[in-house]
Amino acid sequence: METALPTSSSESSSFELLEPRIQRWVWEAGWTELRDAQERAIPPIIAAKSDVIIAASTATGKTEAAFLPILSRLLTPEDEGGVALCVSPLKALINDQWERLEQLCETLDIPVVPWHGDIAASRKQKFVKSPAGCVLITPESLEAMLYNRGSSVSSIFAQLKYVVVDELHSFMGSERGKQLQSLLVRLEVTLRRRVPRIGLSATLGDIQLAADYLRPGEGANVTLIESTDASTRMKILVKGYLDLPPVLSEAEIATREKSGEELKLTDTTGTGMLAIGRHLYENLRGTNNLIFPNSRQSVERYTAVLRSLCEADRIPPEFWPHHGNLSKELREETERALKQTQQPASAVATSTLELGVDIGPVVSVAQIGPAPSVSSLRQRLGRSGRRKGSSAVLRGYVLEPELDLRSPVADTLREGLVQLIAQIELLLQKWFEPPRAAGMHLSTFIQQLLSAIGQYGGISAGQAYALLCVKGPFRAISQEDFATLLRSLGSQGVLLQDGAGTLLHGPVGEAIANHYSFYAAFSSPEEYRLVSRGRALGSLPITSPVGVGDYLLFGGRRWKVEMVDQPQKVVEVEAARGGRAPAFGGTQGSVHTRVRQEMKTVLAGDKQLTYLDPKAQELLMASRAAFRSMGLANTTRFTSADGLKLFLWQGDEIQNTLALMFKSLGIQAKNEGLCLALENCDSVRFGEAVDKLLEVEELTSETLLAHAENLAIEKWDMLVPRPLRERNYASLFLDLPGTYALMRTEGFCD
DNA sequence: GACCTGCTGCGGTGTG
């Protein structure tokens, strides 16, 4: 006989798996049920037999989905005194996470320890003396731990039960991500056992890619828990503007500035940009919003425009800047303004506000110009409409150049507008770019080799290869490559080999590894500190020169440079009235093939896009007409005054590769994004070139890049010997197989 | 004309 009576109001079997004290916590927190992701994550995590990925959007209780079962295990008698290590990409996230976990753990007698550069050494020492509970750490601090405490790591983590990777997606595809994979392997090798890995992530386009990242080579065995978003409704508006010049002419501005006049912002700012500023001001003021122009310089410009509109209306500033060169204090000022509820506040920000730092609810998101990628647009839009019943609101703004007879084709085809439309269309189709997983990251390999030598006090070449390239993530490095690298690093003084064949730091390696900057896998540019009356405002890249008397826009305010201390790299400023936003530099991002294909679809089609305003509509109509008159629906080639333009609608990796291939045949080729520009070339020569390229088909990255300079991109690339440096570069920016496949497709030469 | 992240150990001096 079966009884139908439930024994508790909870019908959850997962709930029953939790340790009684955790169950009590759930009750006392007033939860009436477990969320979907929590329900599904508890059994495999409690079992601790496999790795697990939990992919769900923000605010769906991912942290609890992982930590309720983890803490349950740490409370059971056989695992008492156990340790869980949680790796997180940001110090700010560790601090947030620590507060949440403390609430959970304070009654359970499980310590929670934040571990990053701002945490006092005494607190770290305390954990090392009696290791137990949860440690929240950055990859850099974990690196420092392995390097400096090599001999005691196995005892510190003797009771390690779980490794959690928070914001897994933010690590994938980067040198920092490669470093983390290597650290996790080095930890397991030190402990001589496997530790279950739990990955937490925002929803992923291809969750299997994340599984392969979390446990390389064994991704198929990872338990995948994907909680699909309850589809939020979206409201979208895209507005088009012409990029018209400022009220004052350039010459006028120059002469007036020379005479020392402080010019009004509205006189020196383009009138198209001012119109966007005014629309933002009129529609966003009074509520909380996020505005994303695409560069730090534009953040400063738009903040200045929006604040001057506030000033003109005599209302307190409602618009606050946020980017990576602002001091911690100024950024926190913006975060506080967003979080408090007395005054409305909107942030003008770069991708610093894309990740999960807590900023409270936001009504809408404004994107100025095309986003860097669909995935970042998605991340940004996910920041609005979180409240129940509300929609996510996206306002897109596009500033298009005025056309004349000499306008480049990219302007005629309205590249910016069409790219933003393509991104929105793909967003609606729920597609976004996967992370690029093919990078060799030899720079990070050098760091890991030096770190492993420090950790063990020396290591044999065979052990190093097994650790980093067989068990570890540097599997693209063959034994032959490895030998080449070792020889080269030896000849540069980075490595030494003693009589017994043990690898040790050479003098150069010693200097690299014994500086605190060693622990980060990525490099950072040299910068000036920007100071006003002893207060840190932020930093300026050394490539953005300033002189005494210059006016600056920075941190949403206007400044005059009073003093530049070259040796100390300090710039002193005083509040002023005029100002220009400094350039911060940087390199161009790369566009995915799927986005370019969608751009072609948008141009070739005649679909009415209801989210365009009349001006954007008009700009799109004109660009479609230009597309047709150029015959681009049927051909990839267009002959212009300055040569042949190839419209292939491919991503930048393929277009960069093709440009290099044509160059190898003496044709001046340049990837212009929307098209590939071939100088000194006509259709006949183009056809011959493609035939020739297909005939040879032996072009390697080494030959293509043989004469290229500037192949050192990542931190230690300058130590990578030449033939490998070319392959390393190609793994990040080129696609040879993809390019050959494209050239072989039928009609490529038509 | 892109964006972002992070960082130890030790020796010196001062204080209770």
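Keep in mind that what you see is a predicted model, and the values were worked out from it rather than measured. A, B, ... follow the sequence lines: proteins, then strands. Residue 1 opens every chain.
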Quick one: label [X] by what it contacts on the DNA or RNA (base, sugar-phosphate, nothing), any heavy atom closer than 4.0 Å.
| X | answer |
| --- | --- |
| Glu143(A) | nothing |
| Arg149(A) | sugar-phosphate |
| Gly117(A) | sugar-phosphate |
| Thr352(A) | sugar-phosphate |
| Pro372(A) | base |
| His323(A) | sugar-phosphate |
| Arg301(A) | nothing |

Give the nucleotide from the list [options] with an atom nearest to the side chain of [X].
| X | options | value |
| --- | --- | --- |
| Lys124(A) | dC3(B), dC7(B), dT8(B) | dT8(B) |
| Leu90(A) | dT5(B), dC4(B), dC7(B) | dT5(B) |
| Arg331(A) | dC7(B), dT5(B), dA2(B) | dT5(B) |
| Ala520(A) | dG6(B), dC7(B), dC4(B) | dG6(B) |
| Lys91(A) | dT5(B), dG6(B), dT8(B) | dG6(B) |

Distance below 4.0 Å between [X] side-chain N/O and [N] OP1 or OP2:
| X | N | answer |
| --- | --- | --- |
| Ser174(A) | dC4(B) | no |
| Thr350(A) | dC4(B) | yes |
| Thr138(A) | dT5(B) | no |
| Arg176(A) | dG6(B) | no |

Over how many whole Å does the gap from [X] atom [atom1] to [N] atom [atom2] extend?
| X | N | atom1 | atom2 | result |
| --- | --- | --- | --- | --- |
| Leu326(A) | dC3(B) | CG | C1' | 14 Å |
| Arg436(A) | dA2(B) | CZ | P | 22 Å |
| Glu140(A) | dT8(B) | CD | P | 10 Å |
| Met273(A) | dG1(B) | CE | C1' | 13 Å |
| Arg296(A) | dC4(B) | CZ | C1' | 9 Å |
| Gln419(A) | dA2(B) | CD | P | 14 Å |

- Query: Taking for each residue the nucleotide of DNA chain B bearing the nearest heavy atom, is the 5' side occupied by His322(A) or by Gln297(A)?
  - Reply: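 Mapping each residue to its closest nucleotide by heavy atoms, the 5'-most match is Gln297(A).
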
- Message: Please compare Phe522(A) and Asn148(A) by the position of their nearest nucleotide in DNA chain B and report the one closer to 5'.
- Response: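 Mapping each residue to its closest nucleotide by heavy atoms, the 5'-most match is Phe522(A).
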
Donor-acceptor side-chain pairing of [X] and [Y] below 3.5 angstrom:
| X | Y | value |
| --- | --- | --- |
| Glu140(A) | His116(A) | no |
| Glu714(A) | Ser443(A) | no |
| Ser451(A) | Glu143(A) | yes |
| Glu300(A) | His323(A) | yes |

- Message: Evaluate Asp550(A) against Arg580(A) for salt bridge (charged side-chain N to carboxylate O under 4.0 Å, His left out), listing each step before the verdict.
- Response: CA-CA 9 Å; Asp550(A) 286 357; Arg580(A) 266 169 199 268; over 6 Å; no

- Message: With a 3.5 Å cut-off and heavy atoms only, can you find an N or O donor on one side and an acceptor on the other between the side chain of Ser524(A) and the base of dG6(B)?
- Response: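 A donor-acceptor contact between them is present.
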
- Arg123(A) charged N/C atom sitting above Trp98(A) aromatic ring, 6.0 Å / 45°: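 So Arg123(A) does make the cation-pi contact.
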
